[in-house]
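Numbers restart at 1 for each chain; the letters A, B, ... are given by sequence-line order, proteins then strands.
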There are 2 protein chains.
Amino acid sequence: MGIDLESASKSPSLGRVTLEDVAHLAKVSPATVSRCLNRPDSVNLDKRARVNQAIQTLGYVPHGAARALASKQSRMVGAVFPAIDNTLFGASLDAFQRTMADADYTVIVASSDYDPLREKQHVRRMLQSGIDALMLVGLVRDEETYELIGAHGIPYVTVWRLAGQQVHPAVGFDNRAAAQHLTDYLFSLGHERIGVLSGILEYNDRAQDRLAGVRDSYAKQGRTLADNHLIERPFGVEQGREMLRLIMSQETPPTAVVCGAEPLAYGAIFEAAAHNISVPGDLSVAAFDDTWLAGQISPKLTTVRTPNMEIGEEAAKYLIATLSGVQPPLPRPLETDLIIRESTGRPPAG
Amino acid sequence: MGIDLESASKSPSLGRVTLEDVAHLAKVSPATVSRCLNRPDSVNLDKRARVNQAIQTLGYVPHGAARALASKQSRMVGAVFPAIDNTLFGASLDAFQRTMADADYTVIVASSDYDPLREKQHVRRMLQSGIDALMLVGLVRDEETYELIGAHGIPYVTVWRLAGQQVHPAVGFDNRAAAQHLTDYLFSLGHERIGVLSGILEYNDRAQDRLAGVRDSYAKQGRTLADNHLIERPFGVEQGREMLRLIMSQETPPTAVVCGAEPLAYGAIFEAAAHNISVPGDLSVAAFDDTWLAGQISPKLTTVRTPNMEIGEEAAKYLIATLSGVQPPLPRPLETDLIIRESTGRPPAG
DNA sequence: TTAATTTTTGAAAGCGCTTTCAAATGATAA
DNA sequence: TTATCATTTGAAAGCGCTTTCAAAAATTAA
């Protein structure tokens, strides 16, 4: 059962160093050691010193599972993203993890591949691991996922969109308004046929919102988005190229396209170049995200800057506050900016 | 103390559902329920059915911390990357997480920002959380970090380079050989002055290896890399631009540059374009990574394809095997490919 | 100085599971 | 049928911590 003072020097790595070992060495009770770890102020100064000293010399590392079992909190939080191999969610995850680490939380991460069932699996697994809180992207998911979380009674937050009618706490921005604003701008340049290159809409409420925003803008013009001016494909440059080809081969092609995400826009721009379609001369291209490439590529991309890092950070802060007993105000919507660069302009004369 | 048969229906969410509750409902002992969870074959068929049924109706979710405490394994593994907000490590993380999830492991992730002290912090925290295994990038780190891991006796694996002299298990590829190969190619085109645009070398053995590879190639030519043809900056497009400006303003600028990572190369290409430096006419540009952009940008980038996903997957497999008692063979070096595209060519005539 | 409070401490009872060990059951051989 | 062995089962003892509760020590008031 652990080590005591003398044997410590003799057999340094004989089994795990426990809190009890520390207690022995420091000549206090285990309870006191525990207090030193959790509420140091509640213990006498010299005893605290002795304990810290003992911890030091023994190289004691608390046993998380034991703590979690006894205290009913693990100091672990979960985050499930649709994908984690891209800059977009990567930035959110990075900020989330940083903020959590600063508050001494560890983060478990998983990617759902835009699949609600897979997401549910991950949530279940995380719940089982004992997470204290959870971050999820968007609001649309398998109902059972919400039930699982509810049954465990842990706080959670959804990100990358606003709550809408829903009751779930949300940290994000108004995709719909942003899309409308962007489309309004395109209309204001004189465009009349504005196409949409969207990611897969199913299970992706952010994409749905953006499409709705475009439609709102159309409606304001007393127009409607032509069916053949909306194309839907998975996110990716290749897909962007393909979609551009498709949409430009319509009988009456659009003079501008709104892309649901930046890779799509890059694909569109590359493919346009390959077909001698001038951007923005013949076709305006706009998108969302404003990643590091947007301002570098030629033509520089007109795009809506989305608060990727802020989302991760604010979501973490919200959860941390909730966990520490503070009931934080519902997070305010984050801001987006329309960044007008070179890829958009007036429609061609003809 | 939990719920029993009748009260279950009356008060569904009154406290946590425990294994004991399941045992009651199924009319077996807790031990048997535990066996159903862990080694189902060791329990009688109809009893197993009763238990599963009970689990179902009660919505029982095992308590991870309790399991970890009793069984001495948490089914959690850790991964700390220098950064997680980029496609490169993102792809590794993604593959790692996927593979781990398939083996029913949960992954804790953190980013160290290329800072060994921060990395040590994260490792400590993860160890405390009770991870069963750990993945780390590169070999160079605070010695104490290795000691911590050693003291806990958990398996670990390092990635993104080969083990070299070191005794640490490593899943990766030979950065040095790849860099040499790339530089050889540039020399074979007739270049004589090949510059290097490197990431920060300190604490980044991958970057150091790549630089060494370039030097190897120089040595083969009986030449040496001029000091002012090596520039070192953090990874980023902006930095790439800056470095290109710097290196091209030397008295005798290089006719080719090897970039330590792709963002640097894009920066270089963009900045070259801005200064009417033709790529590859006036300057050849080559890099590492082969991300989604490399083949799309103009000029298409000559680059070394690195096995990002494979790394994550193989690292996970290695750890999973080790954890399941199989002593896996030390992982073999992964392959890289030199992908020659448009950004490299013969040096200018003059 | 002593009594009344407040603060600090330790003993002990769990937290929810796994796992040993021995008992009970079932299968097989004689 | 009975003896022998293999398979299933349950009782009980932890795993390493936290936390209540009551006792002890330190502080303040009287």
Side-chain angles (χ1 to χ4, degrees), chain A residues 1-4 14-51 54-55 58-76 127-130 132 152-153, chain B residues 1-4 14-51 54-55 58-76 127-130 132 152-153:
Chain A
M1 190 199 284
I3 289 174
D4 61 2
L14 191 69
R16 177 177 191 92
V17 178
T18 69
L19 178 146
E20 199 176 340
D21 299 328
V22 174
H24 277 161
L25 218 196
K27 305 203 184 306
V28 298
S29 74
T32 299
V33 178
S34 176
R35 286 189 193 100
C36 280
L37 260 34
N38 299 308
R39 288 192 326 289
D41 338 277
S42 76
V43 35
N44 185 6
L45 214 62
D46 44 317
K47 274 195 175 119
R48 209 194 306 175
R50 291 220 305 279
V51 168
I55 288 179
L58 291 178
Y60 168 68
V61 177
H63 189 297
R67 298 184 92 169
L69 182 56
S71 70
K72 299 176 181 317
Q73 39 169 317
S74 63
R75 294 208 82 81
M76 300 189 306
L127 253 11
Q128 211 159 302
S129 294
D132 291 338
H152 277 253
Chain B
M1 189 200 283
I3 289 173
D4 62 0
L14 190 68
R16 177 176 191 92
V17 178
T18 70
L19 177 146
E20 199 176 340
D21 299 327
V22 174
H24 277 162
L25 218 195
K27 302 202 186 309
V28 297
S29 74
T32 299
V33 178
S34 176
R35 286 188 192 100
C36 280
L37 259 34
N38 299 306
R39 288 189 328 286
D41 340 276
S42 77
V43 33
N44 185 6
L45 214 63
D46 43 319
K47 271 189 179 125
R48 208 193 310 175
R50 288 221 307 279
V51 169
I55 288 178
L58 292 179
Y60 168 69
V61 177
H63 189 297
R67 297 185 92 170
L69 182 57
S71 70
K72 300 176 178 317
Q73 39 169 313
S74 63
R75 295 208 84 80
M76 301 190 304
L127 253 11
Q128 208 158 306
S129 295
D132 291 338
H152 277 254

Expressed as a whole number of angstroms, how long is the span from [X]:[atom1] to [N]:[atom2]?
X: B:Arg16; N: C:dC17; atom1: CZ; atom2: C1'; result: 10 Å
X: B:His63; N: D:dC15; atom1: NE2; atom2: P; result: 18 Å
X: A:Leu19; N: D:dT18; atom1: CG; atom2: P; result: 6 Å
X: A:Gln128; N: C:dT18; atom1: CD; atom2: P; result: 10 Å
X: B:Tyr60; N: C:dG16; atom1: OH; atom2: C1'; result: 7 Å
X: B:Arg75; N: C:dT18; atom1: CZ; atom2: C1'; result: 15 Å
X: A:Asn44; N: D:dA24; atom1: CG; atom2: P; result: 18 Å
X: B:Asn38; N: C:dC17; atom1: CG; atom2: C1'; result: 9 Å

If you compare every side-chain N and O of B:Lys47 against the phosphate oxygens of D:dT9 (OP1, OP2), does one of them come in below 4.0 Å? yes

Should A:Thr32 be listed as having a side-chain N or O under 4.0 Å from OP1 or OP2 of C:dT9?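 Result: no.
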
Selection from D:dT18, D:dG16, C:dT18 that lies nearest to any side-chain heavy atom of B:Lys72: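 My answer, after comparing the listed nucleotides, is D:dG16.
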
Just call it for A:Val28: base, sugar-phosphate, or nothing, with non-hydrogen atoms closer than 4.0 Å on any strand.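 Sugar-phosphate contact only.
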
Counting any heavy atom closer than 4.0 Å, what does A:Ser71 reach on the DNA or RNA strands: base, sugar-phosphate only, or nothing?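 Since only primed, P, OP1 and OP2 atoms lie under 4.0 Å of A:Ser71, the category is sugar-phosphate.
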
Search all heavy atoms of B:Ser74 against all heavy atoms of B:Asp132 and return the closest pair with its distance.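 What the structure gives for the nearest pair is N-OD1, 2.9 Å.
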
Looking at every heavy atom in both B:Ser29 and B:Ala23, which two are closest together, and how far apart are they? C-CB, 3.8 Å

Starting at the 5' end of DNA chain C and moving along, which residue's nearest nucleotide shows up first, B:Arg35 or B:Ala65?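 It is B:Ala65 whose nearest nucleotide is closer to the 5' end.
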
In terms of the nearest nucleotide of DNA chain D, which residue is placed more toward the 5' end: B:Leu69 or A:Arg67? B:Leu69

Is B:Ser71 reaching over with its side chain to a backbone N or O of B:Arg67, donor-acceptor style, under 3.5 angstrom? yes

Enter the distance from B:Arg50:CZ to B:Leu25:CG here, rounded to the nearest 0.5 Å. 10.5 Å

For the residue pair A:Lys47 and A:Lys27, establish whether any side-chain heavy-atom pair is separated by less than 4.5 Å.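 Sidechains of A:Lys27 and A:Lys47: no contact.
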
